[in-house]
Amino acid sequence: MNIILLGPPGAGKGTQAHRLVAERGMVQLSTGDMLRAARTSGTEMGKQVAAVMDRGDLVTDEIVIGLIAEQLDSDAANNGFIFDGFPRTLGQADALGELLESKGQTLHAVVEMKVNDDALVSRITGRYTCGDCGAVYHDETRKPTVEGICDTCGGSEFKRRADDNEESLRTRLMNYYRDTSPLIGYYYAKGQLKRIDGLGEIDEVAARVSNALDA
Ligand code: AP5
């Protein structure tokens, strides 16, 4: 089963993708994580996208489609791919359809996670991640069981993203409503859209995602 998790910044796409990886053995493909890895390793492309990402603007279609194409070539996913943060434009959505078709694969579902803007602000400004494995935490709603130790890998280094501030979030939200929200109609018209309420406890949202996928 290949799926897209669609939603604004802070909707919980990464959080729910990690759950699906653990529970269903799916493979998460997050373009945000790939771009951040390119920045950390100092590649030419990473340097090129750094300022764009910090502002909250979208990286070019060409770059992100190239990243996804590479991963589809190199990763085997017997239990399916989770596209997290991709596609974000109609051009990317068309490209994903063509890439999957060229590999004899299909897209099974697009899960739209709906969360209001006020909740997004508090989720984004309170977010931090494990520096070793990328597990996602929050100052209030998702703390590690033992303070300072990652539940997933035992790491003790945590970091916050440069774009997790109110100014960048405003730009990211505007880009979401302008460039990405048209995908809701695009996938609805294809009969692939499943909409869920992304508000509530992480476990409750996970149950809604599962129900939507199994329906
Ligand atoms: P990306 O990394 O994709 O960021 P995003 O889409 O803005 O989404 P986030 O990662 O911020 O949020 P999320 O929905 O994953 O939420 P999370 O689970 O972490 O992209 C970053 C940048 O890269 C873009 O701005 C752009 O520049 C570039 N880029 C990436 N892909 C691109 C593309 N395809 N095209 C062009 N440019 C691209 O949750 C957030 C917080 O809330 C966490 O702290 C979590 O613990 C908490 N939380 C989660 N669920 C709940 C819940 N149910 N209740 C309470 N708290 C919760």
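Keep in mind that what you see is a predicted model, and the values were worked out from it rather than measured. Every number for a ligand or one of its atoms is a count from 1 in the order of the listing.
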Considering distance alone, does some N or O of [X] sit under 3.5 Å from an N or O of ligand 1?
X	result
Asp33	no
Arg142	no
Val136	no
Tyr128	no
Pro87	no
Asp163	no
Leu35	no
Arg161	yes
Gly200	yes
Met53	no

Testing Val110, Asp94, Leu193 for side chain to side chain contact (heavy atoms under 4.5 Å, CB included) with Tyr186, which one passes?
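Of Val110, Asp94, Leu193, side chain to side chain contact (heavy atoms under 4.5 Å, CB included) with Tyr186 is met by Asp94 alone.
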Protein heavy atom at shortest distance from [atom]:
atom	value
atom 27 (O) of ligand 1	Asp57 O, 2.5 Å
atom 31 (N) of ligand 1	Thr31 OG1, 2.8 Å
atom 37 (N) of ligand 1	Val59 N, 3.1 Å
atom 56 (N) of ligand 1	Thr141 OG1, 3.1 Å
atom 3 (O) of ligand 1	Arg88 NH1, 3.1 Å
atom 9 (P) of ligand 1	Arg127 NH1, 3.3 Å
atom 8 (O) of ligand 1	Lys13 NZ, 3.2 Å
atom 42 (O) of ligand 1	Arg123 CB, 3.3 Å

I need the atoms of ligand 1 closer than 4.0 Å to a non-hydrogen atom of [X], numbered in the order shown.
X	result
Val205	53 (N)
Gly85	31 (N), 32 (C), 33 (C), 34 (N)
Thr15	17 (P), 18 (O), 39 (O), 45 (C), 49 (C)
Gln92	33 (C), 34 (N), 35 (N), 36 (C)
Tyr137	43 (C), 44 (O), 46 (O)
Ile202	50 (N), 51 (C), 52 (C), 53 (N)
Gly14	13 (P), 15 (O), 18 (O)

Determine whether any heavy atom of [X] lies closer than 4.0 Å to an atom of ligand 1.
X	answer
Ile124	yes
Arg36	yes
Gly7	no
Gly10	yes

Option with minimal heavy-atom separation from atom 25 (O) of ligand 1, where the choices are Glu204, Arg172, Arg55:
Arg172
Within 6.0 Å of OH in Tyr177, more than 12 heavy atoms from elsewhere
yes
Count the heavy atoms of every other residue, nucleotide or ligand shown that sit under 6.0 Å from CD of Gln105, and state whether that count exceeds 12.
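More than 12 within 6.0 Å, yes.
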Check ring pair (Phe, Tyr, Trp, His ring centres under 6.0 Å) between Tyr128 and all other residues, then give those that pass, not counting sequence neighbours.
Tyr137, Phe158
Nearest heavy atoms of [X] and [Y], plus distance in Å:
X	Y	result
Leu169	Ile124	CD1-CG1, 3.9 Å
Pro8	Leu173	CB-CD2, 4.1 Å
Asn79	Met26	O-CG, 3.3 Å

[X] (side chain) donor-acceptor with [Y] (main chain) under 3.5 angstrom:
X	Y	value
His138	Ser122	yes
Asp57	Val52	no
Ser168	Asp164	no

Decide whether Ser210 and Arg24 meet the rule of one side-chain donor and one side-chain acceptor closer than 3.5 Å.
yes
Positive for side chain to side chain donor-acceptor pair (under 3.5 Å) with Asp84, one of Gln16, Lys13, Gln28:
Gln28
